[in-house]
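Below is one structure, written out as structure tokens; the observations come after it.
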Amino acid sequence: MLEIYDLTKRYGDKTAVEDLSFTVKAGELCAFIGHNGAGKTTTLKCVVGILGFDKGHVLVDGVSIEDDPLEVKRRIAYIPDNPDLYDFMTGMQYLNFIGDVFGVAETDRKERIQKYSTALSLTEEEIGAPISSYSHGMKQKLALISAFLHEPKLILLDEPFVGLDPKASHVLKEIMRDFCAAGGAILFSTHILEVAEKLCDKVAIIKGGKLVTFGSMEEVKGNSSLEDVFLDLEENDD
Amino acid sequence: MIKALFRKQFAELISQFSKKKSGAQNTPKRGLVVFILIFGILYVSLGFSFFTLAKELLGGLNENTFPLFYMLVGLIATAIGLLGSVFNAYSTIFDAKDNEMLLSLPIPPRRIVLVRVVSLSVMTLLYAGAALLPSAVAFLFYAKTTVLGYVNALLLFIPLVLLVEAVTLGIAFIVAAIARKVKNKKAVILVLSLAITLVFYLLYFRAQNAVTKLAAMGEIPSALKYALFFYYAMGRASQGSALSMLVVVATGVLAFLLALFLLSNNFVKFTTSKKTPDVKGKKGVVKTASLRLSLFKREWKMFASSPAYVMNSAFGVIFLIAIPIFALVKADTLRELAHSLAEVFPHASGVGIAAMLSVFTGGMCCVTAPSVSMEGKRLYVLRSLPISTYDVFAAKVAVHLVVTVPPTLFLNVTLAAILRADALSWIFMLLLPFANALFTALVGLCLNIDFPVLDWTDEMTAVKSGVGVLIAVFGIMITNVLLMGPYFVLVPFCSDGVYIALLTVLYGIASLIMIYWLKNVGRKKFEKLG
């Protein structure tokens, strides 16, 4: 579903991501782990088409982001780490906007909004309220509903659990599992290694813009914990 | 501490003018140089006009009417100075995104207010200075007064700017006091700001009119001295009166301190106890729309929900509506003026002048000039969705057209009807608003793509600051003035209709060039933003 080959992104003299290659297949849930400034967000933004890159290829469902960015964007959903939404809209106006962009039919739209808002405990009145009145967690929930609205093939999430209450976090994990079980793929960055370990089939660890390890969760962690593996990798390279 | 606050405030202000041009490799310093250069040219051009005006005015005064000079200069500078800060004060002081962060630090609120007020005062000074500085130079060269009179004349800008700032802060205080008690805060801020500003300008125009008339009468009535005592004292100070100078300084300083005191004492209350929208809204309705309509609705909401955006980018709409209403009231006078014009230029019907007025007034609105900057940190939404950049541009231009074309058409139809335009003039008076509005919208959009300001903490920074907005606002104004020139060359040889047709075609051609640029260059630049 997602193929990244030799991805390199530079900001002036600084190389943020260097020769990064890995793939996420349909049905897989992949955690993207690294310390602050390792290049996770840059990689996600390159995949989404927000940032251009200097070298490499990114393919989503076989379509290149460079050759046909709009077609790639039709197949994905992206939520950044701190979703700044349109605070001049209500939650419902925002969802209608996203629905219109993806051409989601009215009945499907109603059904999906109902399904995900109930799951994430966002009431109809809250969805009808201005986004400017939302807490960080509510914005995160609205962004998540919008991400699932058009049934994308690949979802990219940057720190999706930040700001969510424990119940919403639990529900989100279930939604993510169900989405992948139905044939979708998810790549998400996180610092919560326990969540990544329990939830994901695959893990990619990035350090200083370079991929240091990638594989199935079992291959990467073996008999130890993901936290131990991550800390070992950090220390070894130091 | 106060130094750190000042550094932060001015670094933010300066950074908006020293951004890298999007997609270019030039250094931030170069952006600042470009800004200073453009600002300098505009300032010198404006200054020259005010110098000429001041020189003429000084020539017509006698000993009795001498104070009228600084009365008039003071009134003009007040009006221009208010434009620099009156629409920004509320947003800059009470709506800055870093208010909560600053209040969480051990900083006395009065210092936060002081720093914000000083930055507003700099803008007021820059604007008011455009009239005050050249007038003071003209005064030094052409006025005959005492040494103290000359010294006072040079120093009068200080109390005047303080008074203008006090008025600005007073308006911001009233708006903030009312806005915190109402539910639909943004709409109330918009209506209040508009109403207070309109009342002020109404009073201002009446006062200026009275002063101008009196200049010809040869003496100043006592009633006017009391009604405009601050400005009269300015005039007396320029005659060398130490007492008047003292009155002016004391009034300016006291008014400023009073306004500062009011704001400082209420800053925390107004900032932290704002009535925020209820998180329990009405049940939302699922509605479908086409992608383009949805983009337009999004763009419209971004514009209409921001009082700062509306007031700074579409204030000219008031004139577009007021002028035809005024013209209807004074229809006979207008026809007489057109008749006089026809006596000099046999082909002229006055409709050409009406077209110039329409173009100039329409050019006072540019909704697209800050439209890219207004996306701010939310730009990722558009960039991550399957939306063609060209559709985004179209939505931005469409909002400008919706805001400006209907009132401009109203103006053109009214004036064409009053002046009994011929068929050709009628056709192009109906087409001109579209061509001119499209041109204005495209200029604003192209410049904002080239000079975006996306990392703002105060919405006003996106709306008003930045090289792009500055060039758009003044560039459009200058272009429109330059396009008026050919009228006086052409009018001896051809009809007004031909001139209006020419104007329409020129705006159309310029628009086509900009559309080509947007498709081939602007699109790529926009896609690299964020």
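What you see is a predicted model, and the numbers here were worked out from it, not measured in a lab. Proteins get letters first, then strands, A, B, ... in listed order; numbering begins at 1 in each.
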Find the one option among A:G99, A:G49, A:P80 whose heavy-atom pairs under 4.5 Å with chain B are most numerous.
->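 Heavy-atom pair counts peak at A:P80.
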Taking A:I76, A:D100, A:L70 one by one, which has the highest count of heavy-atom pairs under 4.5 Å against chain B?
->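 Looking at each of A:I76, A:D100, A:L70 in turn, A:D100 comes out on top.
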Engaged part of [X] at the chain B interface, taking heavy atoms whose separation is under 4.5 Å:
X      : result
A:V72  : neither
A:I113 : side chain
A:I98  : side chain
A:E71  : neither
A:P83  : both

Backbone of A:T123 reached by a side-chain donor or acceptor of A:S117 within 3.5 Å |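 No, because the side chain of A:S117 does not come within donor-acceptor range (under 3.5 Å) of the backbone of A:T123.
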Where the side chain of A:R109 meets the backbone of B:K287, is there a donor-acceptor pair that is under 3.5 Å apart?
->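 Yes, because the side chain of A:R109 sits within donor-acceptor range (under 3.5 Å) of the backbone of B:K287.
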Identified side chain to side chain contact (heavy atoms under 4.5 Å, CB included) partner of A:L164 from the options A:H170, A:M138, A:H136, A:Q140 =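 Among A:H170, A:M138, A:H136, A:Q140, the one that satisfies the side chain to side chain contact (heavy atoms under 4.5 Å, CB included) with A:L164 is A:Q140.
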Heavy atoms only, distances under 4.5 angstrom: which of B:L291, B:D391, B:L385, B:I387 has the most pairs with chain A? Name it, please.
->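 Of the candidates given, the most pairs with chain A belong to B:L385.
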Output yes when A:K40 and A:D158 qualify as a salt bridge under the 4.0 Å nitrogen-oxygen rule, no when they do not.
->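 Salt bridge: no.
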Does a side-chain N-to-carboxylate-O contact under 4.0 Å join A:D68 and A:K73?
->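 So A:D68 does not pair with A:K73 through a salt bridge.
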Is chain A contacted by the side chain of B:L382, its backbone, both, or neither, given a heavy-atom distance below 4.5 Å?
->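 The answer is both parts of B:L382.
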Does any heavy atom of chain A fall under 4.5 Å from the side chain of B:E527, the backbone, both, or neither of them?
->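 Only the backbone of B:E527 comes within 4.5 Å of chain A.
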Got a sec: does the NE2 of A:H191 have more than 12 other heavy atoms crowding it under 6.0 Å?
->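 For A:H191, atom NE2 is crowded (more than 12 foreign heavy atoms under 6.0 Å).
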Do the numbers put B:K519 on top of the ring of B:Y390, so that NZ or CZ is under 6.0 Å from the six-membered ring centre and no more than 45° off the axis?
->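 The answer is yes; both the distance and angle limits are met.
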